2 protein chains.
Amino acid sequence: MTKSPPRTRIQVRNRAAILEAALEVFAARGFRGATLDRIAQAAGLSKPNLLYYFRSKEALHLAILEDLLELWLAPLREMDAEGEPREQILGYVRRKLEMSRDHPRESRLFANEILQGAPRARPVLEGELKALVDEKAAVIAAWSESGRIGPVDPYHLIFSIWALTQHYADFEVQVRAIMGKTNPYPGAEAWLDHLFGAALGSPHKSI
Amino acid sequence: MTKSPPRTRIQVRNRAAILEAALEVFAARGFRGATLDRIAQAAGLSKPNLLYYFRSKEALHLAILEDLLELWLAPLREMDAEGEPREQILGYVRRKLEMSRDHPRESRLFANEILQGAPRARPVLEGELKALVDEKAAVIAAWSESGRIGPVDPYHLIFSIWALTQHYADFEVQVRAIMGKTNPYPGAEAWLDHLFGAALGSPHKSI
DNA sequence: CGTTAATTTTACCGGGCGGTCAAATCGAAG
DNA sequence: CTTCGATTTGACCGCCCGGTAAAATTAACG
């Protein structure tokens, strides 16, 4: 699939420039809306030159998607079954929100892919992603059953975390249309803390 | 913009068929990914015939968007300042979730538009939508200040409702990849009731 | 400097897509 | 049946886009 590890300095530089440019363009216009000309221009190359580094538009998109999925799943991977449940879940929420704030283009690229029916990412969703979610859902379920957090549906809890955190990146124009120039993230962090905190059962209440 | 009210029976039938087909195709493939040929075929017409009813791809998309936005804002409009706060908010959540369940294509078409930076819908977002949200946010803020619901940020509350309910339509393939063939909506309704119920402050707790 | 491989450019192709046009066909009313 | 507007079709255009071929240029190294 991907070209074997880049050797020369030029390859490293140009591949990085292309991936950066492609992320920008794919995120902003979707797979079909993006053109190789535009990506090449943004990377400071000619189109055939770009195609010297990536066989095809498809291959380029795939390369980005692979990098992206690792980044995307990291915050959930960090959730620790041995940790304090509430802290672990709220920590996950915070990391995921930071991800949206610091990597909105990645979020939108991913959203685009899913919206179109995940033509390229579906195998990963049904394989790696499902396995990870099943594992962490079991952890949350155990926490819930042992009474360390209130009764929650772990799957819908995880979906909620995804939906809420990614919303601020994916629907940014809508958020900005309503909130103006105000930076929504400080407020969002406090709000999500409140929202999920309450849903997990107040620690004060449980005493 | 839009052609003056259709007169003949044929016009009514064909316009409806086109809008239905276009909704399907635009939702599944985005604006650029959709082709007039495909839409025309889905509507049972030839491409030039389709262009007899709608001047351009742009005009067709705009016609759909206009219809859509009315449908989309209806649930929020129904939220009644005179009603019981908790019931009003949870009712809004339920109506919005039903909207996603019954109109997933509309949801995805809208998501596509926003993701691409709302090139066609931005005026509505900054005008009508913002006005409506500001109005309802003020209502919620008043409820909150009078202690009838717990302290909440009305804007983030509304964003949360959007994000969560639409997630089940927009990210359907992801949800299905993880949950399999299970229908997520019954569980989602109970979960969202729990989540927002807790965030608004338990009515039991407030006594 | 010379040689060889890596990189970049120029020119091009075939297909698809939005849109147009003029001719043909259809349908309602007298 | 005729007429006239509404509707439909087929043929076509120009542009853009992904991708290719081959020549030209550049870097690496002895």
Side-chain angles (χ1 to χ4, degrees), chain A residues 1-65 112-113 116 119-120, chain B residues 1-65 112-113 116 119-120:
Chain A
M1 289 294 133
T2 319
K3 190 181 270 183
S4 35
R7 297 163 208 291
T8 79
R9 249 168 264 141
I10 294 183
Q11 284 219 6
V12 175
R13 175 171 48 84
N14 282 351
R15 281 183 66 97
I18 292 170
L19 288 171
E20 159 66 23
L23 172 62
E24 184 77 25
V25 178
F26 278 135
R29 325 182 55 120
F31 183 77
R32 309 218 184 205
T35 76
L36 290 182
D37 270 310
R38 205 178 194 95
I39 295 170
Q41 192 186 350
L45 301 173
S46 65
K47 182 174 61 171
N49 200 177
L50 184 158
L51 286 164
Y52 173 73
Y53 291 96
F54 293 89
R55 279 180 171 71
S56 66
K57 189 182 185 183
E58 187 88 15
L60 175 55
H61 191 262
L62 221 56
I64 292 186
L65 220 47
N112 252 307
E113 168 72 9
Q116 311 293 321
R120 284 164 272 275
Chain B
M1 292 290 135
T2 318
K3 191 180 270 181
S4 36
R7 298 165 207 291
T8 79
R9 247 167 264 141
I10 293 183
Q11 284 220 5
V12 175
R13 174 170 49 82
N14 282 352
R15 281 183 66 97
I18 292 171
L19 288 171
E20 159 66 23
L23 172 61
E24 183 78 25
V25 178
F26 278 136
R29 322 179 62 116
F31 183 76
R32 309 220 183 202
T35 75
L36 290 182
D37 269 310
R38 205 177 194 96
I39 295 170
Q41 191 185 352
L45 301 173
S46 64
K47 183 174 60 172
N49 200 176
L50 183 159
L51 285 164
Y52 173 72
Y53 290 97
F54 293 89
R55 278 180 173 73
S56 67
K57 190 183 184 180
E58 187 87 16
L60 175 55
H61 190 264
L62 220 57
I64 292 185
L65 220 47
N112 253 307
E113 168 71 9
Q116 313 293 324
R120 286 165 269 275

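Just so it is clear: chains get the letters A, B, ... in the order the sequence lines come, proteins before strands, and each one is counted from 1. Keep in mind that this is a model prediction, so the values were computed, not measured.
OP1 or OP2 of D/dT9 has at least one side-chain nitrogen or oxygen of B/Asn49 nearer than 4.0 Å. Look at B/Ser46 and you'll find a side-chain N or O under 4.0 angstrom from OP1 or OP2 of D/dT9.
Looking at heavy atoms from C-beta onward, A/Asn112 lies in side-chain contact with B/Gln116 at the 4.5 angstrom threshold. The shortest distance between side-chain heavy atoms of B/Phe54 and B/Leu36 does not fall below 4.5 Å. When side chains are defined from C-beta on, B/Ile39 does not count as touching B/Leu45, because their heavy atoms never get closer than 4.5 Å.
For the residue pair A/Ala43 and A/Ala17, the shortest heavy atom distance occurs at CB-O, 3.7 Å. Residues B/Val25 and B/Ala34 share a closest heavy-atom pair of CG1-CB, 3.6 Å.
Atom-to-atom, CD of B/Gln11 to P of D/dG5 comes out at 16 Å; the value is rounded to the nearest Å. Counting to the nearest Å, the C1' atom of D/dA21 and the OH atom of A/Tyr52 are 15 Å from each other. Spacing between atom CG of B/Leu45 and atom C1' of D/dG10 amounts to 15 Å, rounded to whole angstrom units. In this structure, the CG atom of A/Asn14 is 14 Å from the C1' atom of C/dT9, given to the nearest Å. One can place CD of B/Gln41 at 15 Å from C1' of C/dG16, the figure rounded to the nearest angstrom. Following rounding to the nearest Å, A/Leu60 (CG) and D/dC17 (P) show an atom-to-atom distance of 16 Å. Atom-to-atom, CG of A/Leu50 to C1' of C/dT10 comes out at 17 Å; the value is rounded to the nearest Å.
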Polar atom pairs between nucleotides 24-29 of chain C and protein, under 3.5 Å, N or O only, would you list them?
none

Tabulate protein N/O versus nucleotide N/O from nucleotides 18-20 of chain C, keeping only pairs under 3.5 Å, one per line.
residue, atom, partner, partner atom, Å
C/dG18, OP1, B/Ala34, O, 3.2
C/dG18, OP1, B/Lys57, NZ, 2.9
C/dG18, OP2, B/Leu36, N, 2.8
C/dG18, N7, B/Lys47, NZ, 2.8
C/dG19, OP2, B/Lys57, N, 2.8
C/dG19, O6, B/Lys47, NZ, 3.4

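The salt bridge (Lys or Arg N to Asp or Glu O under 4.0 Å) search around B/Arg120 returns B/Glu58, B/Glu113, not counting sequence neighbours.
Between A/Phe31 and A/Phe26, the two ring planes are parallel [angle under 30°; tilted spans 30° to 60°].
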As a quick check of understanding, evaluate side-chain contact (heavy atoms from CB on, under 4.5 Å) for B/Leu19 and B/Leu60, giving each step before the final call. CA-CA 8 Å; B/Leu19 288 171; B/Leu60 175 55; 4.1 Å; yes

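Proximity of a side-chain donor or acceptor of A/Lys47 to a complementary backbone N or O of A/Thr35 within less than 3.5 Å is not detected.
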